[in-house]
Amino acid sequence: MIVLTVLKIIGIVILCILALAILILLSVLFLPLRYKVRADYDSESGDYYLNLDIKWFLGILKIYGNLDKENGLDYWAKFFGKKIFSKDDEDEEDFEEDDYPELTEEYSDSRAKGESPEQTAGKEEPEEDSSTKVSLTKEELTEESGESEEAKEEAEEETKLPEIRKVRKKRGFLGKIKAFLDKISRFFQNIRYKTKAVCDKIKSVRDIIIYYKNLLEDEESKRAFAKAWNETKFFARKLKPGKFSLKIHYGAEDPSETGINYGRFAAITTFIGKEVRMLPDFEKKIIHADLFMKGAFRLYVLLVIACRLYFDKRFMKVVKRFRRRV
C-alpha cells in the first residue's frame, strides 16, 4: 500500500508539471504580445523621437525603447518587474581599465607588495659584490682569447681567398644561368595554372547560373514562391495594427510644388486609407510628421506558417533543390 501511495503521489506531481508546462506553452503561443509605437519629426527645429512599448501577459514581460535627439538611444526589458537587460548594463560592460593611464612597472610591483611608490623610490639599489666583479673580469678574459682565435682563423682564410674566388666564379655563373632558366619555367607554369583556375571558376559560375535559371523557370518553383508569398501576406495581416494614424504637415519652397505633391497624395488616398492625412502649407517649407501605431500579435501565427511550409512536400522539395547547389 505504501508503494502504491508513493507511486500515486509521483504520478500526480508529474501530471501537475506537465499541465503547468502545457499552460505556459499555450500562454506563450496564444496570449497577445501588445505593441505601441509613437514617432514624431519636425524639420524646423530638427527634433525627432521614436518610442516603442511592448507588453505581454498583463505586463509580466515589458520591452521599452526610446530614441530622441537630446538623450539618444535608451532601452530596457523587464520580466516580473526585474530587469533582464538595459542600455546601462551594456555601458558598464564597455568599461575597460585601458581607458585610464597605464601603471608603471615600479608602481605595479609596489602595489603587489603593499608598498607606496614613495617608499619604493626611497630605497637604494644594492651594491654589487666583489665576486660579481671577479666573474666579470674572467668573462672578459675568455672573450679576449676567443677574439684572438677568430683573428687567426681569418688570417688563414685570407691566404686561401684567391683559389676560393675562382671556384666560386665558375659555380656562380652556371648557377645564375640555371636559376634564370628555372624562373622562366616557373613563370610559364604559374601562368598555365592560373589560366586553368580562372577557366574552371568561370565554368563553375556558369553552371550555377544555368542551374538556378532553370530552377526559377520550373513550375514547382513558381508554386513554391506563390506559397511563400501567400504566407507572407497572411503574416502581414496578423501583424497589422488595430489603430494607425499618420499626420503629415508638408510645405515646399515653391507653392506650386506643394500643390503638385498634394495632388499626388490625394490620388493614392483610396489605397492607403483615411488613417494617413496630409496638411499642405503654401507659405513656408516644412515637414512635420506624427505617427501613432497600436496593435497585438500572437506567436502561434509563426508556428502555423512554419508548419504549413514544412509539411508542404512540394515547397520543401524546392528548398532542398536550392540548398543543394549552395
Side-chain angles (χ1 to χ4, degrees), residues 22-91 228-251 258 261-281 286-309:
I22 293 170
L23 181 62
I24 294 171
L25 180 61
L26 294 175
S27 300
V28 171
L29 291 176
F30 291 96
L31 286 177
L33 194 71
R34 303 186 183 278
Y35 62 90
K36 192 184 294 183
V37 180
R38 295 185 181 90
D40 186 85
Y41 173 74
D42 190 357
S43 61
E44 288 186 333
S45 61
D47 292 335
Y48 61 88
Y49 81 88
L50 174 64
N51 182 268
L52 173 65
D53 191 5
I54 299 175
K55 293 181 181 180
W56 177 77
F57 198 20
L58 302 175
I60 289 178
L61 175 65
K62 292 182 180 179
I63 300 174
Y64 174 83
N66 188 72
L67 175 65
D68 57 28
K69 184 179 179 181
E70 294 181 359
N71 302 318
L73 179 63
D74 183 24
Y75 56 88
W76 51 260
K78 292 183 179 180
F79 189 69
F80 282 103
K82 187 177 181 181
K83 276 190 179 182
I84 305 172
F85 63 87
S86 65
K87 186 175 184 296
D88 297 334
D89 297 337
E90 291 193 357
D91 292 340
W229 177 245
N230 291 332
E231 296 298 337
T232 304
K233 290 191 291 185
F234 174 72
F235 175 75
R237 286 196 302 269
K238 295 296 182 181
L239 192 62
K240 183 180 177 180
K243 293 182 180 180
F244 177 81
S245 66
L246 176 60
K247 298 177 183 178
I248 302 173
H249 185 196
Y250 171 75
T258 303
N261 291 328
Y262 183 70
R264 292 171 179 172
F265 172 79
I268 61 174
T269 50
T270 55
F271 301 101
I272 61 179
K274 298 180 180 180
E275 291 81 5
V276 182
R277 289 182 292 173
M278 181 177 178
L279 303 175
D281 193 328
I286 186 174
I287 298 176
H288 182 211
D290 188 6
L291 172 68
F292 175 77
M293 190 165 55
K294 183 179 180 181
F297 178 74
R298 292 173 174 83
L299 295 178
Y300 83 90
V301 176
L302 295 175
L303 181 63
V304 170
I305 293 172
C307 291
R308 286 178 182 173
L309 296 177

*Distance-only, no hydrogens or angles: does the Asp42 side chain make a donor-acceptor pair with backbone N or O of Gly46 under 3.5 Å?*
no

*Among residues two or more places apart or on two chains, list those pairs meeting salt bridge (charged side-chain N to carboxylate O under 4.0 Å, His left out) that have a residue in residues 296-309.*
Glu231-Arg308

*asked:* Is the shortest side-chain heavy-atom distance between Phe297 and Arg34 below 4.5 Å?
replied: no

*Taking the side chain as C-beta and beyond, is there a heavy-atom pair between Leu246 and Asp290 under 4.5 Å?*
no

*For this output row, return yes or no: ring centroids of Phe79 and Phe85 closer than 6.0 angstrom.*
no

*Ile305 side chain near Phe234 side chain, heavy-atom distance below 4.5 Å*: yes

*asked:* Quick check for you: to the nearest 0.5 Å, what is the distance between Leu61 atom CG and Leu31 atom CG?
replied: 11.5 Å

*Student check: side-chain heavy atoms of Lys62 and Trp76 closer than 4.5 Å*: yes

*Write down the atom of Leu299, the atom of Val28, and the distance for their closest heavy-atom approach.*
CD1-O, 3.6 Å

*Could you state the interatomic distance from OG (Ser27) to CD1 (Ile22), rounded to the nearest 0.5 Å?*
11.5 Å

*Quick one: closest heavy-atom pair of Pro241 and Phe244, and the distance?*
CG-CB, 4.2 Å

_Distance (rounded to the nearest 0.5 Å) between Ile54 CD1 and Ile63 CD1_ = 5.0 Å

*Tyr41-Tyr48 aromatic ring centre distance below 6.0 Å*: no

*Would you check if Phe265 and Ile248 make a side-chain contact, meaning some heavy-atom pair closer than 4.5 Å?*
no

*Please walk me through it: do Tyr75 and Asn66 pass side chain to side chain donor-acceptor pair (under 3.5 Å)?*
CA-CA 6 Å; Tyr75 56 88; Asn66 188 72; over 6 Å; no

*Mind running side chain to side chain contact (heavy atoms under 4.5 Å, CB included) on Leu67 and Leu52 for me, showing each step along the way?*
CA-CA 9 Å; Leu67 175 65; Leu52 173 65; over 6 Å; no

*Got Asp53 and Lys55 here, is their nearest side-chain heavy-atom distance under 4.5 Å?*
yes

*Among all residues two or more places apart in sequence or in another chain, which pass the side-chain hydrogen bond (donor to acceptor under 3.5 Å, both in side chains) test with Asp40?*
His288

*asked:* Distance check, rounded to the nearest 0.5 Å: Ser245 atom OG versus Arg277 atom CZ?
replied: 7.5 Å

*For the student: nearest non-hydrogen atoms of Asp68 and Tyr49, plus distance*: CB-CB, 3.7 Å

_For Thr258 against Asp281, the heavy-atom pair lying closest together_ = CG2-O, 3.7 Å

_Smallest separation among heavy atoms of Asp47 and Lys69, with atom names_ = OD1-CD, 3.6 Å

_Heavy-atom check, side chain of Asn51 versus side chain of Tyr64, under 4.5 Å_ = yes

_Contacts of type ring pair (Phe, Tyr, Trp, His ring centres under 6.0 Å), residue Tyr262, not counting sequence neighbours_ = none

*Working to the nearest 0.5 Å, report the span between CD of Glu44 and CD1 of Ile287.*
10.5 Å

*State the NZ-CZ distance between Lys247 and Phe292, to the nearest 0.5 angstrom.*
11.0 Å

